[in-house]
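Read the structure below first, then the notes.
Note on naming: letters A, B, ... go to the chains in the order of the sequence lines (proteins, then strands), and numbering restarts at 1 for each one. The shown structure was predicted, so the numbers you read here are calculated from the model rather than taken from an experiment.
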Protein chains: 2
Amino acid sequence: MAQRRPLAETRQLLVDAAIRVIARQGVASASTRAITAEARVPLSAFHYAFDSYDHLIDRVIESVTEGERAIAVAAVEIDSDVDADLETVVLRALDLYLDVLAAHPDQQQALLELMAYAQRTPGLEGRARDYYASSFALAEGALATRAGVEWTVPPAEIARLAIVLLDGLTTTWLADRDTEAARRTARLAAASLAGFAAQRVQV
Amino acid sequence: MAQRRPLAETRQLLVDAAIRVIARQGVASASTRAITAEARVPLSAFHYAFDSYDHLIDRVIESVTEGERAIAVAAVEIDSDVDADLETVVLRALDLYLDVLAAHPDQQQALLELMAYAQRTPGLEGRARDYYASSFALAEGALATRAGVEWTVPPAEIARLAIVLLDGLTTTWLADRDTEAARRTARLAAASLAGFAAQRVQV
DNA sequence: ATCCCTCTCGGTCGATCGTCCAGGTCGGTC
DNA sequence: GACCGACCTGGACGATCGACCGAGAGGGAT
């Protein structure tokens, strides 16, 4: 009767189940029992696979942020149409993100809740900072791939502004769910970011 | 032995205590027992003063958001130096906000956590939307007081962008606590917002 | 066949949660 | 002095939480 599974597989099963539960019902409702029920494994399997609840959450954060990073990298690579205007490219990226957000709002809300949980939990405090740091680096890398664009301010500052805008767009949309208004704001945001670029130089 | 107090006073005592506990330890730790202990009131007084836990949280959200609004109104009124450049005024307001944020980070974190809690709790879902709606209106009002400034896009859209920027600045700072970087980003944000103003007309 | 290590699972622990209630104390009104 | 309604409280309820234990099942190595 017993399901025999390699330990690593059970761990992945639990992490995935935890993400689904957190997305659907929030971190507060993601108890060990709710997660194991979602994963269809006995409650006792939880503490066999993980030393503690927070160890699981740590892995969950790792998994979610890695997923975010992969999506962002893919989006940047797809949207590297060098012939298009800079502002157009930025706006297209933001609109693409809003599509993802509107399609899977629970995912982004889960990420925010996890960050808040991490900041309140001893041993996980650094996770939020690390996530933003890697976001900055990713954005700066994306800026660097736009060959031939000079910036009037350091690219690192542009990258931070971009993340700030993305973050603000997210939290604001999550609160009022007004996609049309968010797209209008995205238009302004794209114009703002592009405004810090000097005219393109010939390559 | 019994402390005799008007009911309304006990209510206010509990609301204030709840805000302190939430700011210090987060919503998750703000149990009825933690709150009543903070308020130095017997546990049983809790359900004498409030029908339920969520009724208290509702009042807490009301109190916190009203406090935010009052601060914002005061800041706008103080910072209405008509002789200064628009970008300077905006930047000064943002820097002022960053001062408040750096001085009382728990307060802003508490607000964000309360919004997340409200969105997950039946009966409180609208609170987050209402808060952002009033923030937009407040920002738009602040823009309107700058007589003689014409905007190249509707003020309502500028107002939304301003709130998005403020929100992004907040969440980002709360994650990495890098005040210097936040001030640099604020500089870019102020320049962006001011960039949507047409040249000032003579009045 | 024997051993051993990995894996599984039901049951239960103590702590903490929000909520409730019966009874008690007070100040004011007849 | 009798009464009443507003105010206050200790103690308990059932539910749920993270964590833990010991007995057993399974499969490969010897």
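- Atom CD of A:Q25 is separated from atom P of D:dC17 by 11 Å (rounded to the nearest Å).
- At least one donor-acceptor pair under 3.5 Å links the side chain of B:T152 to the backbone N or O of B:F196.
- B:L7 CG to B:F50 CZ: the interatomic distance, rounded to the nearest 0.5 Å, is 8.5 Å.
- With sequence neighbours left out, the salt bridge (Lys or Arg N to Asp or Glu O under 4.0 Å) criterion links B:D58 to B:R127.
- Using modelled atom types, one finds no donor on one side chain facing an acceptor on the other under 3.5 Å when comparing A:E68 with A:Q107.
- When the C1' atom of D:dT9 is taken as reference, atom CZ of B:R40 falls 18 Å away, rounded to whole Å.
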Take nucleotides 13-20 of chain C nucleotide by nucleotide from the 5' end and write B, S or -, depending on whether a protein heavy atom sits under 4.0 Å from the base, only from the sugar-phosphate, or from neither.
----BBB-
A:R160 vs A:E157, salt bridge (Lys or Arg N to Asp or Glu O under 4.0 Å): CA-CA, chis, key distance, verdict
CA-CA 5 Å; A:R160 199 177 206 272; A:E157 297 192 16; over 6 Å; no
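- Note: OH (B:Y48) to C1' (C:dA22) measures 15 Å, nearest angstrom.
- Here B:T10 reaches the OP1 or OP2 of D:dC8: one of its side-chain N or O atoms lies under 4.0 Å away.
- Checking side-chain atoms of B:E125 against main-chain N and O of B:G123 turns up a donor-acceptor pair under 3.5 Å.
- Within the 3.5 Å criterion, the main-chain N or O of A:R33 finds a donor-acceptor partner in the side chain of A:T36.
- Atom P of nucleotide C:dT6 and atom CD of A:E9 are separated by 18 Å, given to the nearest angstrom.
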Starting from the C-alpha separation in whole Å, work towards a yes-or-no answer on salt bridge (Lys or Arg N to Asp or Glu O under 4.0 Å) for A:R183 and A:D99.
CA-CA 10 Å; A:R183 292 206 189 277; A:D99 289 340; 2.6 Å; yes
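- Near DNA chain C, defined here as any heavy-atom distance below 4.0 Å, there are no residues from residues 111-121 of chain B.
- Note: CD1 (A:I57) to C1' (D:dA19) measures 15 Å, nearest angstrom.
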